[in-house]
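Here the structure comes first, spelled out in structure tokens, and everything after it is commentary.
Only this structure's heavy atoms are used, side chains among them; waters, hydrogens and symmetry mates stay out. Each chain gets a letter, A, B and so on, in the order its sequence line appears, and its residues count up from 1.
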Number of protein chains: 2
Amino acid sequence: MTTTPRKPRSGKRGPTVADVARCAGVSPMTVSRVINSEPNVMPATREKVEAAIVALGYVPNPAARSLAGGQQCRIALLHANPSAAYLSEFLMGSLAQASKLDVQLIVEDCDLLADPAELVRRLIDHRVDAVLLPPPLCDDEVLLKALHLAGLPIAQIATGRPAEFAYAVTIDDEAAAHAMTGRLIGLGHRRIGFVAGATNQTASALRFAGYARALSEAGLTPDDRLVREGDFTYRSGLVAAEALLALPEPPTAIFASNDDMAAAAVAVAHRHRLEVPRDLSVCGFDNSAMATTIWPEITTIDQPVAEMARRATALLAEAVRGRAGPPAFVARHIQLAFKMLPRASDACAPPCAQNHGLGT
Amino acid sequence: MTTTPRKPRSGKRGPTVADVARCAGVSPMTVSRVINSEPNVMPATREKVEAAIVALGYVPNPAARSLAGGQQCRIALLHANPSAAYLSEFLMGSLAQASKLDVQLIVEDCDLLADPAELVRRLIDHRVDAVLLPPPLCDDEVLLKALHLAGLPIAQIATGRPAEFAYAVTIDDEAAAHAMTGRLIGLGHRRIGFVAGATNQTASALRFAGYARALSEAGLTPDDRLVREGDFTYRSGLVAAEALLALPEPPTAIFASNDDMAAAAVAVAHRHRLEVPRDLSVCGFDNSAMATTIWPEITTIDQPVAEMARRATALLAEAVRGRAGPPAFVARHIQLAFKMLPRASDACAPPCAQNHGLGT
DNA sequence: CTGAAAGCGCTTACAG
DNA sequence: CTGAAAGCGCTTACAG
């Protein structure tokens with residue numbers, strides 16, 4: 001009598017590389033090469049394998065791949081962004097890339113970030129290999145330093161001031177704000193109000209800089225009273241717009257540093273019995289959900305959040321896996337294109353107002 | 001000369017069960033038992049192992065676990081929800097549970113769902129084991145049937161009409177709407193406008209039913225003119241509120257079936273020079289970002305979206321892994337508690353209006 | 001260009 | 001209650 005063979009593991013499982021290899025008449029190794037689209041496989045062989053894959057409906061097992069590949073890569077996404085919409089879009093991009101690259105994404109809410117050192121310790125304990133930092137955390141100097149000291153690769157997203165030691169994926173906030181302001185000027189506006197973003201985000205200053213440059217390039221005298229502080233919340237937009245419209249010479253257009261504040265400006269205009277855009281033009285920034293939710297829909301700047309998340313995730317995965325080569329400074333900071341999104345909230349300046357702020 | 005030993009695999013890797021076992025003086029098997037908190041391990045042994053885990057900073061390798069455990073479980077999250085905020089919260093819950101249970105989550109955007117059959121085929125091809133259906137897809141009969149026919153376990157989230165063959169995680173929409181309407185009645189409102197939700201979501205009908213029941217329980221005669229159709233968009237809320245306030249006898253309160261429409265009602269009120277809540281009370285549903293973004297913040301019903309996502313994900317994982325036992329009908333439909341969130345958008349009815357719609 | 005062998009880190013299925 | 005052996009499905013590191 002022979003020894004009873006061990007019972008095979010339970011459950012119907014899908015086909016494996018071995019099955020495909022058998023079906024194609026090659027070795028599992030070759031199947032692996034085809035799956036990973038490595039070069040050095042004869043076209044004929046490749047085709048046979050591909051046919052077998054289709055025939056069997058083979059799908060690689062990610063768990064096995066990462067185990068064997070030793071590609072364990074765990075990236076933490078630290079977020080403290082009040083905007084669920086931003087987070088959602090960011091997550092979709094990051095998640096897609098993570099699954100493609102087979103990296104494990106750890107999502108951590110840092111809203112009440114007490115002690116950065118404590119956080120870093122927890123990350124290390126959890127074997128996190130790198131950290132994704134969307135705004136506003138991307139601008140937290142203390143956190144940045146603590147992470148850097150711990151030797152963790154970092155990607156700052158949408159920061160206005162990339163750290164030397166970090167990766168960064170941004171858009172050109174200054175240029176975008178410049179373009180938007182230029183658009184308003186082109187529409188004949190001369191008194192353009194500006195609602196600034198939160199001062200703890202470096203991008204806020206860049207947006208203001210773009211606004212100011214467009215003004216001065218057009219020969220318009222900047223007017224301090226037209227610039228109000230906001231903090232990216234609707235509430236702060238309400239206050240800022242209220243102040244702007246209470247001015248003896250109110251602006252004919254308001255450019256808010258994000259869409260929530262722009263929406264607030266629209267609401268205030270309505271309460272003042274001003275039609276948007278007939279009596280007041282309003283523009284935002286970010287192309288968040290709010291921009292298309294309210295009426296009229298807000299002209300804004302589209303920030304490719306999902307794409308930025310994808311790129312940042314890929315950057316970190318490469319850094320962790322050492323495929324990135326010597327991390328050249330220039331390649332570490334990627335700038336993506338923004339998009340001007342003209343919608344229904346801005347229009348030509350009212351005729352009577354056209355000569356108001358002019359230097360003539 | 002002995003044969004040169006094979007070069008070990010590259011990269012510093014963390015400690016493994018073997019390391020922990022060595023350090024604790026037990027077998028890897030015992031370490032595994034402790035990690036998985038199985039019973040049948042002597043307390044003393046357990047403590048030794050736990051100490052070793054801490055000392056070495058051991059963290060289990062999820063890839064290895066799922067490979068060895070044969071627990072491959074792939075759950076698809078099909079979404080077509082226009083609200084990024086909802087999706088974001090849902091994702092957070094689902095993701096957390098997925099990582100805890102070691103299931104792979106596939107997130108798929110089905111906004112332009114052409115052919116359900118085609119989609120099902122793709123899911124099967126991708127070896128998806130089960131499907132998570134948040135609204136409005138949870139109510140898509142055709143999709144539901146196609147999925148069921150393919151033998152895929154399904155979890156409907158926030159549906160108003162759970163299918164017999166599916167798992168479902170819901171709140172009691174009828175009771176919630178009843179509570180909200182009751183609150184308004186308690187505040188002295190007698191003419192309460194209602195903005196209905198999209199008809200393609202079964203929860204919409206339940207919310208209306210709750211409103212109607214509260215009215216009739218209070219002895220108030222329902223008035224068709226006070227009920228307007230909406231489709232959950234801000235735009236539709238604008239139209240509905242406009243119609244409601246144009247009534248010869250306008251309502252003193254508006255209960256919208258979601259927060260976006262409630263926000264629209266607030267905007268319309270403001271354009272009509274009505275103060276909210278002084279001149280008009282407005283309530284919403286869902287506790288979405290919009291509810292706390294605008295001013296005044298909207299009284300609403302909190303739906304525990306993240307928790308619902310967690311539960312649904314867990315339900316499916318159990319179903320796939322067959323730990324669920326015989327799927328008893330009753331346990332397949334879970335109803336979670338909603339929460340009434342009183343905020344700043346509702347108040348007592350204006351004194352003069354109190355006697356308006358009364359039957360007396 | 002292709003393949004045989006070993007190993008990734010854990011768990012299952014037994015046997016004590 | 002504990003452990004030795006085999007195996008999960010793939011890839012690395014070689015050798016031809």
Side-chain angles (χ1 to χ4, degrees), chain A residues 3-22 24-49 53 56 58-74 102 104 127 321-322, chain B residues 3-22 24-49 53 56 58-74 102 104 127 321-322:
Chain A
T3 41
T4 6
R6 201 164 267 251
K7 200 165 118 197
R9 297 238 168 151
S10 66
K12 38 96 217 193
R13 285 158 178 258
T16 70
V17 273
D19 299 318
V20 175
R22 207 172 304 125
V26 298
S27 78
M29 200 48 250
T30 301
V31 175
S32 171
R33 288 197 179 93
V34 172
I35 297 168
N36 296 292
S37 44
E38 282 170 27
N40 301 359
V41 179
M42 290 224 319
T45 314
R46 185 182 300 279
E47 274 165 34
K48 268 193 303 182
V49 173
I53 288 176
L56 269 45
Y58 169 76
V59 176
N61 179 326
R65 291 181 97 157
S66 70
L67 217 210
Q71 311 221 316
Q72 328 286 14
C73 174
R74 194 172 307 206
D102 203 27
Q104 198 190 346
R127 299 229 123 45
R321 289 176 181 159
Chain B
T3 42
T4 8
R6 200 164 268 252
K7 201 165 114 195
R9 298 236 166 150
S10 64
K12 37 98 218 192
R13 286 158 175 258
T16 69
V17 272
D19 298 319
V20 175
R22 207 170 305 125
V26 299
S27 77
M29 198 49 249
T30 301
V31 175
S32 171
R33 288 197 178 93
V34 172
I35 297 167
N36 296 292
S37 44
E38 282 169 29
N40 299 1
V41 178
M42 289 224 321
T45 313
R46 184 181 300 279
E47 273 165 33
K48 268 193 303 182
V49 173
I53 288 176
L56 268 46
Y58 168 77
V59 177
N61 179 327
R65 292 181 98 156
S66 70
L67 217 210
Q71 310 221 317
Q72 327 287 12
C73 175
R74 194 171 308 205
D102 203 26
Q104 197 190 346
R127 301 229 121 44
R321 290 178 178 156

Take the protein atom [atom1] of [X] and the nucleotide atom [atom2] of [N], then report the distance between them rounded to whole Å.
X	N	atom1	atom2	answer
E38(A)	dC1(C)	CD	P	12 Å
L56(A)	dC10(D)	CG	C1'	16 Å
E47(A)	dC1(C)	CD	P	14 Å
I53(A)	dC10(D)	CD1	C1'	13 Å
L67(B)	dA6(D)	CG	C1'	14 Å
R127(B)	dC10(D)	CZ	P	10 Å
N40(A)	dG16(D)	CG	P	19 Å

Using a cut-off of 4.0 Å on non-hydrogen atoms, how would the nucleic acid contact of [X] be classed: base, sugar-phosphate, or nothing?
X	result
T45(A)	sugar-phosphate
N61(B)	sugar-phosphate
M42(A)	sugar-phosphate
V26(B)	sugar-phosphate

Taking all atoms of both residues into account, what is the closest heavy-atom pair of [X] and [Y], and its distance?
X	Y	answer
P15(A)	R127(B)	CD-NH2, 3.5 Å
V49(A)	V31(A)	CG1-CA, 4.1 Å
R46(A)	S37(A)	NH1-CA, 4.2 Å
A63(B)	L67(A)	CB-N, 4.2 Å
A21(B)	P28(B)	CB-N, 3.6 Å
P60(A)	I35(A)	CG-CG2, 3.9 Å

Legend entry - Toward the 5' end of DNA chain C, by each residue's nearest nucleotide, R33(B) or R65(B):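 Residue closer to the 5' terminus by nearest nucleotide: R65(B).
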Inset, instruction - Output the distance between atom CE (M42(B)) and atom OG1 (T30(B)), rounded to the nearest 0.5 Å. - result: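 Output value for this atom pair is 10.5 Å.
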Legend entry - Straight-line distance of R74(B) CZ to N61(A) CG, nearest 0.5 Å: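 So the gap between those two atoms works out to 7.5 Å.
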Under 4.0 Å between a side-chain N/O of [X] and OP1 or OP2 of [N], yes or no?
X	N	result
T16(B)	dG9(C)	no
T30(A)	dG3(C)	yes
S32(A)	dC10(D)	no
N36(A)	dT11(D)	yes

Legend entry - Options dC1(D), dC10(C), dT12(C), nucleotide nearest the side-chain atoms of M29(B): dT12(C)
Inset, instruction - Report the nucleotide, chosen from dT2(D), dC10(C), dC8(C), that has the shortest atom-to-atom distance to any side-chain atom of V41(B). - result: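 The answer is dT2(D).
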Inset, instruction - Write out the stems for DNA chain C, ordered by first number and formatted as range with range, counting runs of at least 3 consecutive Watson-Crick or G-U wobble pairs under 3.5 Å. - result: C:1-3 with D:14-16, C:5-12 with D:5-12, C:14-16 with D:1-3
Legend entry - First encountered from the 5' end of DNA chain D, between P39(B) and A64(B): P39(B)
